[in-house]
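Only one structure is covered here, and it is reproduced in the block below.
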Amino acid sequence: MISCEEAAEICDKAQYDEVSKWRYLKLRIHLLFCKTCAQHSKKNTQLSHLCQKAELHSLTESEKEEMKTELEKKTLVGKS
Amino acid sequence: MEIAILTKSPTFSPQTMEHTHQLEPNKWVDRYSDYLFNYAVSRISDTEMAKDLVQETFFAGLKSAKNYKGDAAERTWLIAILKRKVIDHYRKINSKKGKAEVRMPQSFDEESGNWAEERVADPYSQAGKSQLENEELGLAIQECIAKLPKKQSMVFTMKTIQGISTEDICNELGINPSNLWVMIHRARTALMGCLNQNWF
Ligand SMILES: [Zn+2]
């Protein structure tokens with residue numbers, strides 16, 4: 001049987017569909033016997049649902065950098 | 001000029017020292033831009049316009065920093081500014097289109113910038129209610145993401161919100177996949193702890 005660490009890793013990857021069927025099956029079997037991982041896994045999956053449901057939006061790193069630059073420019077107004 | 005105060009020290013508290021909250025404009029973008037952006041997008045579906053409003057909010061915050069009394073948290077103070085910006089945005093659209101077509105959402109409370117309760121009770125109640133709930137959920141999640149260490153929040157956001165592939169994130173940030181998954185794991189565990197139990 002796989003370790004709890006491996007189970008957690010597979011569970012994370014499963015949230016992004018980045019795990020093979022075979023490894024996923026190993027996780028399911030682990031969850032049958034390990035209550036702690038089963039709970040964690042359930043919550044982890046729910047977190048994925050919540051993120052989807054919330055339709056999150058975010059700015060890209062370059063957009064943020066641009067914003068910082070603009071903000072700095074304004075901050076420097078009045079210096080010279 | 002008052003703004004010059006900002007250049008002397010990144011952290012400052014106007015007036016007296018007894019205030020608990022301080023403004024730190026140099027940290028605004030990292031801390032609040034996604035939070036504010038999420039709010040703006042939920043009110044104005046035009047993402048470019050939403051981005052502009054967030055930028056304008058930061059400018060306005062800087063400009064009125066001297067009026068900050070320290071009685072509200074920085075985030076609360078900034079979102080109040082953004083709410084005004086959203087209202088102004090609707091006003092501008094309305095005045096352009098003329099009074100015949102009022103596009104301001106009916107139950108939008110101009111004072112608070114919130115949707116009024118009646119919206120929940122109208123014929124579209126289910127839609128209205130779940131929209132409100134999702135918006136609240138979105139803000140709660142963004143608030144928790146903002147509390148993560150910078151790199152964790154970056155990796156989590158790129159992977160989960162922007163849907164960028166593992167490979168591309170690793171290339172961009174110069175990390176290897178196992179680093180990435182460790183950060184994802186820590187971020188997700190922290191978020192589960194941070195998000196209020198009643199969301200689960
Ligand atoms: Zn286990």
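Convention: sequence-line order gives letters A, B, ...; per-chain numbering from 1.
Ranked by non-hydrogen atom pairs under 4.5 Å with chain A, the options B:Thr160, B:Leu139, B:Thr47, B:Asp30 are led by B:Thr160. Between chain B and the residues A:Lys64, A:Lys42, A:Glu66, the most heavy-atom pairs under 4.5 angstrom are made by A:Lys64. Heavy-atom pairs under 4.5 Å with chain B were tallied for A:Glu63, A:Glu9, A:Lys68, A:Lys43; the largest tally goes to A:Lys43.
Interface remark: B:Ile164 contributes no atoms to any contact with chain A (heavy atom separation under 4.5 Å). The part of B:Phe37 that comes within reach of chain A is its side chain, from C-beta onward, which places non-hydrogen atoms under 4.5 angstrom from that chain. In this structure, chain B has heavy atoms under 4.5 Å from both the backbone and the side chain of A:Glu70. For a residue to count as touching a neighbouring chain, one of its non-hydrogen atoms must lie under 4.5 Å from one of that chain's; by this rule A:Glu61 touches chain B with the side chain only.
The nearest pair of heavy atoms linking A:Cys51 to B:Phe156 is SG-CZ, 4.1 Å. Closest of all the heavy-atom pairs between B:Lys51 and A:Leu59 is CG-CD2, 3.6 Å. Shortest non-hydrogen contact noted between A:Lys53 and B:Glu133 is NZ-OE1, 3.9 Å. Between B:Arg188 and A:Leu47 the shortest heavy-atom distance is O-CD2, 3.8 Å. Here the closest non-hydrogen pair linking B:Ile141 and A:Ala54 is CD1-CB, 4.0 Å. Contact between B:Ile161 and A:Leu56 at its shortest, heavy atoms only, is CG2-O, 3.5 Å.
Residues B:Leu36 and B:Trp28 share a hydrophobic cluster, clusters being chains of Ile/Leu/Val/Met/Phe/Trp/Tyr side chains in contact below 4.5 Å. Taken together through direct or relayed side-chain contacts under 4.5 Å among Ile, Leu, Val, Met, Phe, Trp and Tyr, B:Ile145 and B:Met192 form part of one hydrophobic cluster. A:Leu50 and B:Tyr35 sit in two unconnected hydrophobic clusters of ILVMFWY residues. Membership requires side-chain heavy atoms under 4.5 Å apart, directly or through other members. There is no path of hydrophobic side-chain contacts, each under 4.5 Å, that joins A:Ile29 to A:Tyr24. B:Met158 is not connected to B:Val182 by any chain of hydrophobic side-chain contacts under 4.5 Å among Ile, Leu, Val, Met, Phe, Trp and Tyr, and they are in different clusters.
The interface of residues 12-23 of chain A with chain B, defined by heavy-atom distances below 4.5 Å, comprises A:Asp12, A:Lys13, A:Gln15, A:Tyr16, A:Glu18.
The NE2 atom of A:His57 sits 14.0 Å away from atom OH of B:Tyr39, with the distance rounded to the nearest 0.5 Å. Note that NZ of A:Lys74 and CD of B:Gln55 are 8.5 Å apart. Values are rounded to the nearest 0.5 Å. Here CG of A:Asn44 is found 7.0 Å from OG1 of B:Thr189. Values are rounded to the nearest 0.5 Å. Atoms CD1 and CH2, from A:Ile10 and B:Trp181 in turn, are 12.0 Å apart once rounded to the nearest 0.5 Å. Within the model, atoms OG1 of A:Thr75 and CG of B:Leu62 stand 4.5 Å from one another, a figure rounded to the nearest 0.5 Å. Summarising the geometry, atom CZ belonging to B:Phe59 is positioned 8.0 Å from atom NZ belonging to A:Lys73; distances are rounded to the nearest 0.5 Å.
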Output, in order, the C-alpha distance, side-chain angles, deciding distance and verdict of side chain to side chain donor-acceptor pair (under 3.5 Å) for A:Thr60 and B:Gln162.
-> CA-CA 8 Å; A:Thr60 64; B:Gln162 288 158 16; 6.0 Å; no

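At a threshold of 4.5 Å between non-hydrogen side-chain atoms, the residues A:Glu55 and B:Val41 do not count as touching. A 4.5 Å side-chain heavy-atom check between A:Glu65 and B:Val29 finds every atom pair outside the cut-off.
Between B:His185 and A:His40, the two ring planes are tilted [angle within 30° to 60°].
At most 12 heavy atoms of other shown residues, nucleotides or ligands fall within 6.0 angstrom of atom CZ in B:Arg186. Shown here is B:Met49, whose CE atom has no more than 12 heavy atoms of other residues, nucleotides or ligands within 6.0 Å.
Under the 3.5 Å distance criterion, the side-chain polar atoms of B:Asn38 are left unmatched by any main-chain donor or acceptor of A:Ser58.
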